[in-house]
Protein chains: 2
Amino acid sequence: MNARTPSKILVLPALYEQVAERLRTRIFAHELQPGAWIDEQALAVEYGISRTPLREALKVLAAEGLVVLKPRRGCYVTELSEQDIDEVFPVMAVLEGKVAELAAHRITSADYARLAAIHDDLEKHAAASNADRFFEANQRFHDALQDIAGNRYLAQLINDARKVIKLTRRDSLRLEGRLKQSLAEHRDILDALRDKDPARAQRSMHDHLMSGRNALARLAKAN
Amino acid sequence: MNARTPSKILVLPALYEQVAERLRTRIFAHELQPGAWIDEQALAVEYGISRTPLREALKVLAAEGLVVLKPRRGCYVTELSEQDIDEVFPVMAVLEGKVAELAAHRITSADYARLAAIHDDLEKHAAASNADRFFEANQRFHDALQDIAGNRYLAQLINDARKVIKLTRRDSLRLEGRLKQSLAEHRDILDALRDKDPARAQRSMHDHLMSGRNALARLAKAN
DNA sequence: ACGCATGATACTGCATCCATAATTATGAAT
DNA sequence: ATTCATAATTATGGATGCAGTATCATGCGT
């Protein structure tokens, strides 16, 4: 059921998986922009492979929602409408909220120490107004929480949703004051976890995500 | 972003999609049992197609979690462990709960009438102890609610989760007394919707799903 | 008799090839 | 000049072929 298989370390990933990963990277880097047509032949030549594994990779990306396959008309990078974003974020908020709730139930003092260390990093990067490093530490925080929550299916859905959100070119962390605000929200979540208060952890995390969506909306207006 | 394209009615689905659908049907019918190896060649011959579209279909099913692809070792129907079920149901409960919450916000009297009609069907089939028809009406109830909630991304995740759950051979509705219990839970949800009480709708739906998981667990013990 | 090595078989994964549909370019007619 | 029809080009979707690897069977050695 889950992707991680112990023996997988030895077996190198199938070519179509490698290709999918390379394409994901290019899509997230917005080198392949939303709406852009994906030229199978050109990519096959560039990667030095045939179209077969490339097409299989595109099927995978389509399932993830990163591209859309138009029958007989080719493959295009997904364009997120404002409505799409308004649909994804509430779902993301609910899922991440559940993660926080589960984590609050299961968290140990060692887990808390790990999270607190990551939070220290967040504080440092926020103080330095380094959005990139803040983003990276933020990711680690949420990943660590998923580990503690211990629900792989939930984690998978969240990671898929995150991929979709990444299609947006906008980065809310760059918004004036958002870094500090995000930090304060993380503080809230952390405190709820310290107190092992699932309901509060759930609520804090949910609101944190919706706050992120609002920041994104403000950013859209600013542009 | 979403799969439904208006023009899709004219364009017949790609072959790999048709194949994926046929395979889904066979998997849900447990004709292809969990753990069973999927013989690409044999299926290609049976369907009168080449292995290429078949392999593409398997990639799609793998993304849905219905099969697992073991590199160089072929494709197998997913086996759900008890732990897997324990991970999927809480997520399902949270997602369906969100649907109920959103629906309670947006529901109109016409919507409510539609739901009430479906609930009447549920009552009829419960009285007749007809689990099959109850199941079908139950599906309609949840689908209608998704429509009212109006979040396609949410609906998609739920439908994917439903597919995964369908891998289980067990049917909780066949459990003694479960039909009546399920009906009562639906009654609760419906009342919350009538009162346009999002919090209560959310809670009722969440508990309804977890109650379904418990029924499944009782069924497992009975066997 | 049992375990291990070696060879045969079969399947997966990728490349190549071909048919068909879509798009673009060209030309004719109004 | 613009629009429509038609032809040429190009890209997608599917079929076929082939190389590499995993599995299974057979036989040898202990």
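Just so it is clear, the model here is predicted, and its values are computed rather than measured. Labels below follow one simple rule: chain letters A, B, ... track the order of the sequence lines, proteins then strands, and each chain is numbered from 1.
Ring geometry for His186(A) versus Phe141(A): interplanar angle over 60°, hence perpendicular rather than tilted (30 to 60°).
Remark: Lys59(B) qualifies as a cation-pi partner of Tyr16(A) under the 6.0 Å distance and 45° angle criteria applied to the six-membered ring. Phe28(B) does not carry Lys163(B) over the face of its six-membered ring by the limits of under 6.0 Å from the centre and within 45° of the normal.
Electrostatic pairing of Asp86(B) and Arg213(B) counts as a salt bridge here, judged by a charged N lying under 4.0 Å from a carboxylate O. Glu21(B) has a carboxylate O that lies under 4.0 Å from a charged side-chain N of Arg24(B), or vice versa, which qualifies the two as a salt bridge.
Between the C1' atom of dA11(D) and the CG atom of Leu58(A) lies a distance of 13 Å, rounded to the nearest Å.
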Checklist outcome for this item: Readout for nucleotides 7-15 of chain C: B = base within 4.0 Å of protein heavy atom, S = sugar-phosphate only, - = neither; 5' to 3' it is ----SBBSB

